[in-house]
Amino acid sequence: MCGIVAATAKRDVVPILIAGLKALEYRGYDSAGLAVLEPGNLQRLRAKGKVRDLEALQATDPIAGSTGIAHTRWATHGVPNTSNAHPLVSRDDVSVVHNGIIENHEALRAELIAAGYAFTSETDTEVIAHLVHAGLDRGLSLREATRQAVNRLHGAYAIAVLSQREPGHVIGARRGSPLVVGVGEGEHFLGSDVQALIRETRRFVYLDEGDLVEITRERFEVFDTDGKPLSRTVKTTDLSADAVERGEYRHYMLKEIFEQPEAVARTLEGRIAGNRVLPNIFGVDADALLSKVRHVHIVACGTSYHAGLVARYWFEGMAGIPCMVEVASEYRYRQGVVPAGTLFLAISQSGETADTLAALREGKTRGYLGSVAICNVPESSLVRECDLVLMTRAGPEIGVASTKAFTTQLTALALLVLEVARINGMDKDKYQRLVAQLASLPRVIAEALALDPQVLKLAERFVPKHHALFLGRGAHWPVAMEGALKLKEISYIHAAAYPAGELKHGPLALVDEDMPVIAVAP
């Protein structure tokens with residue numbers, strides 16, 4: 001969950017880089033750094049800890065430059081410290097920031113050491129900087145040196161690269177990790193997502209898998225892995241800077257909890273009317289594909305997986321369609337059976353979840369009827385690679401623990417289940433009643449949120465606890481699983497979820513006066 005920001009402009013980019021890193025803090029990280037370039041002068045600041053620690057360094061010993069790259073790092077290779085913080089450099093010439101994991105870094109490191117390169121970090125990323133430097137020494141341009149370097153990498157990456165030899169240029173590339181281009185007037189940017197750059201521009205290019213991009217102040221150009229030019233469309237986002245501000249709320253998670261009625265209303269807007277789901281909300285000729293569905297295979301991770309588990313009860317109970325749900329990270333590691341007429345349903349908030357994308361691509365080789373994406377990001381890889389799509393319209397989710405993404409995913413899944421159920425002959429009165437109930441959901445959620453004062457008092461009873469059990473029956477069991485996940489993520493209190501009837505088959509032994517039990521029983 002690292003973050004990348006890069007910029008080239010006619011002004012000092014350090015404030016842009018730091019503001020961008022702050023916007024990406026929600027991703028989680030253990031160090032931060034930036035590098036800026038003026039002709040003949042590469043300067044770097046790095047700090048273990050938070051972006052505010054980097055800001056303190058900048059305040060004490062400021063640096064400035066019109067071209068720069070910046071990064072927040074979550075340690076994967078090497079302990080969290082300043083030496084392992086990004087940007088990494090090669091011979092005070094090339095500087096690189098990187099999201100992802102390079103799987104063949106050990107072999108590349110041995111090769112580069114034999115060629116005379118000294119390593120100053122324990123990271124996999126440093127091999128990229130040295131590979132690019134070696135290419136420059138062979139007389140290649142920065143773009144070509146980067147292209148040849150990334151073509152040697154195995155694994156996942158989004159990178160931004162600069163060099164003293166080409167001031168004003170930044171090269172970006174992506175494979176398995178998202179990267180966007182921010183388009184300005186006399187300035188251009190790179191970022192892990194639009195939230196890092198929304199204060200600078202609302203015009204973006206969403207890079208495809210394998211794309212390489214070169215940005216300067218005046219232009220951007222996109223190339224494929226062979227160096228051939230590509231055309232990519234500039235899109236204007238509806239996201240505003242206000243959407244990523246915390247406002248009156250104490251933290252982003254609380255803000256997003258209270259955004260749920262509006263987010264669910266947006267998910268339903270223009271998709272139901274007259275107690276029916278409107279046609280083709282999943283795409284043109286969606287009915288032709290959905291009418292052939294005889295089985296559903298849902299693949300997702302984390303919170304999205306829990307939403308899929310709820311949908312399994314709906315598909316089987318309302319639509320009469322057998323449904324299987326699988327954790328995406330496990331999908332590639334077993335040989336599953338795909339019955340004829342099986343729909344592949346992928347769920348992801350970001351649309352860039354690596355395990356879910358890998359499962360989708362593997363699934364395309366296994367003979368599925370077709371694929372559907374439930375997603376929140378219109379230009380994401382998942383959306384581009386699926387046959388049918390339904391956007392959740394949750395808006396930016398900055399809090400670490402998913403809230404409105406979960407409820408909007410369930411809303412989108414309910415629309416899909418109802419459409420499949422209608423095609424399969426669901427009783428008309430029942431169908432219309434369920435659609436009407438779905439339309440009332442924003443109001444019902446708002447009523448539930450009015451219980452906040454009582455919930456706050458209840459929460460105080462959990463503060464001294466170290467464990468908790470969550471119970472649910474039927475479709476409420478996955479909701480209990482989601483509750484346990486939230487408690488673990490946010491409070492670091494251990495929690496486990498069980499089907500309610502399973503409490504007596506072992507977990508009851510853990511229940512005493514210190515073990516709170518939460519039953520999901522609306």
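Heavy-atom basis, side chains included; hydrogens, waters and symmetry copies ignored. We number each residue from 1, following the sequence as shown.
- When side chains are defined from C-beta on, S31 does not count as touching N81, because their heavy atoms never get closer than 4.5 Å.
- The shortest side-chain heavy-atom distance between R46 and H86 does not fall under the 4.5 Å cut-off.
- In summary, of the residues considered (V5, I69, V51), a side chain to side chain contact (heavy atoms under 4.5 Å, CB included) with L17 occurs for V5 alone.
- Salt bridge K22/E55: present, at least one basic N to carboxylate O contact under 4.0 Å.
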Determine whether L503 and L469 satisfy the following criterion, side chain to side chain contact (heavy atoms under 4.5 Å, CB included), listing intermediate values before the conclusion.
CA-CA 9 Å; L503 182 66; L469 293 178; 4.1 Å; yes
Before you tell me yes or no, could you show the steps for D193 and L24 under side chain to side chain contact (heavy atoms under 4.5 Å, CB included), namely the whole-Å CA-CA distance, both residues' side-chain angles and the distance that decides it to 0.1 Å?
CA-CA 8 Å; D193 60 44; L24 296 174; 3.6 Å; yes
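- The structure places CD1 of I128 at 4.5 Å from NE2 of H98, a figure rounded to the nearest 0.5 Å.
- Checking S402 against T303 by side-chain atom types alone, no donor-acceptor pair falls below 3.5 Å.
- With values rounded to the nearest 0.5 angstrom, L413 atom CG is found 6.0 Å from L345 atom CG.
- Remark: E106 does not engage R109 in a salt bridge, criterion side-chain N to carboxylate O under 4.0 Å.
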Evaluate the side chain to side chain contact (heavy atoms under 4.5 Å, CB included) criterion for residues R393 and R271: first the C-alpha distance (whole Å), next the side-chain angles of each, then the deciding distance (0.1 Å), finally the verdict.
CA-CA 12 Å; R393 301 172 179 169; R271 290 167 171 173; 3.5 Å; yes
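- Between K457 and E460 there is no salt bridge, since no side-chain nitrogen of the basic residue lies less than 4.0 Å from a carboxylate oxygen of the acidic one.
- Put simply, the residue from I445, L441, T392 that forms a side chain to side chain contact (heavy atoms under 4.5 Å, CB included) with T411 is L441.
- Atoms CG and SG, from L382 and C375 in turn, are 5.5 Å apart once rounded to the nearest 0.5 Å.
- For E362, the CD atom is densely surrounded, since the number of other residues' heavy atoms within 6.0 Å is greater than 12.
- Within a 6.0 Å radius of CZ in R334, more than 12 heavy atoms belonging to other residues, nucleotides or ligands are found.
- For R366, the CZ atom counts as densely surrounded, since its 6.0 Å shell holds more than 12 non-hydrogen atoms of other residues, nucleotides or ligands.
- Rounded to the nearest 0.5 Å, atoms OG1 (T403) and NZ (K255) are 10.0 Å apart.
- Within the 4.5 Å cutoff, side-chain heavy atoms of Y206 are placed close to those of V194.
- Atom NE2 of H466 is surrounded by 12 or fewer heavy atoms from other residues, nucleotides or ligands within 6.0 Å.
- Taking a 6.0 Å sphere around NZ of K428, one finds it holds 12 or fewer heavy atoms contributed by other residues, nucleotides or ligands.
- Salt bridge R174/E352: present, at least one basic N to carboxylate O contact under 4.0 Å.
- How far CG of L456 is from CG of L451: 12.5 Å, rounded to the nearest 0.5 Å.
- With respect to K404 and E259, a salt bridge is recorded, a charged nitrogen being found less than 4.0 Å from a carboxylate O.
- Counted by atom type alone, Q409 and S304 present one or more donor-acceptor pairs between their side chains at under 3.5 Å.
- Looking at residues two or more places apart in sequence or on another chain, you find a side chain to side chain contact (heavy atoms under 4.5 Å, CB included) between S329 and V327, D355.
- In this structure, D124 and Y157 have side chains that are not in contact, with every pair of non-hydrogen atoms separated by 4.5 Å or more.
- Under the ring-ring contact (aromatic ring centres under 6.0 Å, His included) criterion, the residue pairs touching residues 355-411 are H297-Y368, F344-Y368, with sequence neighbours excluded.
- The neighbour count for R361 CZ, taken as heavy atoms of other residues, nucleotides or ligands under 6.0 Å away, is above 12.
- Scanning both residues, G33 and L21, for their nearest heavy atoms gives O-CD1, 4.0 Å.
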Steps toward side chain to side chain contact (heavy atoms under 4.5 Å, CB included) verdict (M318, Y431)
CA-CA 9 Å; M318 288 191 275; Y431 169 79; over 6 Å; no
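- Taken to the nearest 0.5 Å, the CD atom of E316 stands 10.0 Å off from the NE2 atom of H295.
- The two atoms that bring A70 and L34 nearest to each other are CB-CB, 3.8 Å, heavy atoms only.
- The shortest heavy-atom contact between T356 and A300 is OG1-CA, 4.1 Å.
- R294 is not listed as a side-chain neighbour of T342, based on a closest heavy-atom distance of 4.5 Å or more.
- With no hydrogens or angles considered, a side-chain donor-acceptor pair links S121 and T123 at under 3.5 Å.
- Side-chain contact between L390 and V372: absent, with no pair of heavy atoms (C-beta onward) separated by less than 4.5 Å.
- Within the 6.0 Å centre-distance limit, the rings of H77 and H105 are counted as a close aromatic pair.
- The closest side-chain heavy-atom distance from R266 to T408 is not below 4.5 Å.
- Here the options are V417, L418, L416, I321, the test is side chain to side chain contact (heavy atoms under 4.5 Å, CB included), and the partner is W314; only V417 passes.
- The shortest distance between side-chain heavy atoms of K48 and D30 does not fall below 4.5 Å.
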